[in-house]
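Every chain is numbered from 1 and lettered A, B, ... according to where its sequence line falls, protein lines coming before strand lines. All values reported here derive from a predicted model rather than from experimental measurement.
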Amino acid sequence: MAKNKFYITTPIYYSNSEPHIGTAYCTVVADTFARYYRLRDYDVFFLTGLDEHGPKLARSAEERGYTPKEFVDMMAEKFIKTWERIGITNDDFIRTTQERHEIVVQRVFQKLYEKGYLYKGSYAGWYCTPCETYWGEDELKEGKCPNCERPVEWLEEETYYFKLSLFSEPLLKYIEEHPEFVFPESRRNEVISFIKQGLKDISATRSTVKWGVLVPFDPKHTVYVWFDALINYISALGYLREDNERFDRYWPADIHLIGKDILRFHAVIWPAILMALDLPLPKTILAHGFWTIKGGKISKSKGNRVDPHELMDLYGVDALRYFLLREVPLGLDGEYSESSFHRRYQSDLANDLGNLLNRVITVTEKYTEGKVPEPSLHGERERELLDIIENSIKKVESSMENLNPASALTSIWEIVQSANRYIDQSAPWNLEKMGKRDLLNTVIYTLLETLRKLSILLYPFIPDTAEKIQEQLGYKDKQFAWDLLWNAKIPVGQRVQKGKVLFPKVDIKEEKEETSLVNINDFQKLDLRVAKVLSARKIENSDKLLLLEIDLGFEKRQIVAGIAQFYSPEELIGKKIIVIANLEPAKIKGYLSYGMLLAGKDEKGNLSILTVDKDLSPGAKVS
RNA sequence: GGCGGUGUAGCUCAGCGGUUAGAGCACACGGUUCAUAACCGUGGUGUCCAGGGUUCGAAUCCCUGCACCGCCA
């Protein structure tokens, strides 16, 4: 019997910036669905990847002194490492610079051209040459490029248009007939009202951008990045290629998980392309919300970016996953703060779940020699707990069906809470003295069995924890499958294995009011690092500035330093200097500086850069 | 300017026509000692944004206004 299939995707993230809480969020949610459906015995295909084309990327690479290829390879490494650490179980990782992808983009383009959906025209607008980007009249900042503030020029460019206008009617009809096509409903309404205004043909190629996929029938053009990017969902499956078994098996996608910012590409343009190709449309475009800090957007320029690695260092992988999944219903914006994260960790994970496991294992060791006892009685309390568990499982299933992992977690915590209540009411620590051996055995057995079920239920959300629970329950081979909720029991006689506390308490210092004194937290905001100077040269038209390329161990960067009057470029090369690695990038004399080196200066005007007393590797933290 | 959404306990939110309006967190008191100063129980708090209307009955439906947010122009 063929299994049901489930195909879920994340967007391919623009590899211009490193993984942050937003991309981590999206990927964790997708992973949770993927894991859940695997437990339900679906044949799951989970795709994520990177968007590696486009002018911005080429420019970022150049600014840092890399070729685009070197740069995207380096970034890809970071994404892959981060996802590994978060326990992401993607089945493939697509990169738009891969040949397998580029070929499909070209074939799709050729096909659309032959079917008459692409035509040559021209595009005009205010063009910024360094940024390789067109801007609308209203987007300009005082008549200049809003991105780099350099002058723009009115330019007309040859381009191929995609006949999006043909699809207003069919799209509208489709969306109206398929209420589940866009989620949540408010986003669906947005899409409908957008389409109702009428769709215009859109430019699908560029002749000024080099870093992209060549248009097969007119190679002075490259395919516009958005078009290139959308194709990933089918190129990864081998569409229009010889090895297209995956495509036959998994398309159409069950869920395209996306951020609300790219809703239109996915709910309008992408389905139009698919219709043009005579392909079935994905079942659901699921737009999640954004994380905010103090009600505002998280952005690099505000410098309030949240590094998932820092949270994992402090609290662990599952704390991050749990917070992201639990704090906010999928589809809405969520407010991130250290204190809300800490609260979730402390009360839900440490106090409720972690402590439950800990106390149950201790009781087992104390009263039944660490072995799963044989249950005998089955009383009112056991019945009650079982009812709650059964009920919660059903709620988890319907919550997942309704795309709401947050409410699934709420239901799972009903079990945690009931188990805590059960152990309190049954008070196994009194039963031995009272000579109620049978009841004692039943109570302990019931608790261990409840934890076994919990481990399965938790697996899609916090897989590490789920595994640790089974380890402590004494399982050598982990058992994760949904039907084991009903068709298995913890084996009598199995030896439990007390392990480390699941979620150790984490101390954080309360946020202090601003004072003139800085506290240790303030200091710790500075990411001071040892860096090795790789190259140095004078910046033209400046007698103070040097442009340095430095090795930070984890990456190479350029920084601008105002020390040309004190150091020659030659004497700096090879020196180990101290830099602030997380300083907001600044543009100095047209050069972007990604950090600042530390130097001391006395009243006489002598300047000396800071260096290390003994040899340290680049990237070493200074504190 | 157009379309849509939101406004409920100190905080985050659920309820969306029907008994004294709910949950979690926080707070207070009590219990308990197996446990990560944890867990369990009990408790209080609310002009359900404002005003008007429909209804036997409205946080819930309709209208107006205010505030915030989203999409579009």
[atom1] of [X] versus [atom2] of [N]: gap in Å, rounded?
X: N358(A); N: rC34(B); atom1: CG; atom2: P; result: 13 Å
X: R187(A); N: rC71(B); atom1: CZ; atom2: P; result: 7 Å
X: L385(A); N: rC39(B); atom1: CG; atom2: C1'; result: 15 Å

Problem - Phosphate OP1/OP2 of rG4(B) contacted by N189(A) side-chain N/O (<4.0 Å) - result: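 Checking N189(A) against rG4(B): no side-chain N or O falls below 4.0 Å of OP1 or OP2.
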
Practice task
Using the ring of F323(A) (Phe, Tyr or Trp, six-membered ring only), decide whether R344(A) places NZ or CZ under 6.0 Å from its centre and within 45 degrees of its axis.
Solution key: no

Handout entry: Integer angstrom distance from the P of rG41(B) to that of rA23(B)
Key =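 Roughly 12 Å separates the two P atoms.
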
Problem - Pair partner, rA21(B) [Watson-Crick or wobble, under 3.5 Å] - result: none

Problem - Base paired to rA37(B) (Watson-Crick or G-U; both N/O distances under 3.5 angstrom) - result: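 Pairing partner, where one exists within any strand: none, as none qualifies.
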
Practice task
Would you indicate which nucleotide in rG31(B), rG70(B), rU36(B) comes nearest to any side-chain atom of E190(A)?
Solution key: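 Of the options given, the side chain of E190(A) lies nearest rG70(B).
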
Problem - Exercise: do R381(A) and Y422(A) side chains pair donor with acceptor under 3.5 Å - result: no

Practice task
Decide if the gap between the ring center of Y36(A) and the ring center of W482(A) is smaller than 6.0 angstrom.
Solution key: yes

Exercise for the section: For W154(A) and A124(A), indicate whether the former's side chain and the latter's backbone hold a donor-acceptor pair under 3.5 Å. Expected result: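 Side chain of W154(A) to backbone of A124(A), a donor-acceptor pair under 3.5 Å: no, none is there.
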
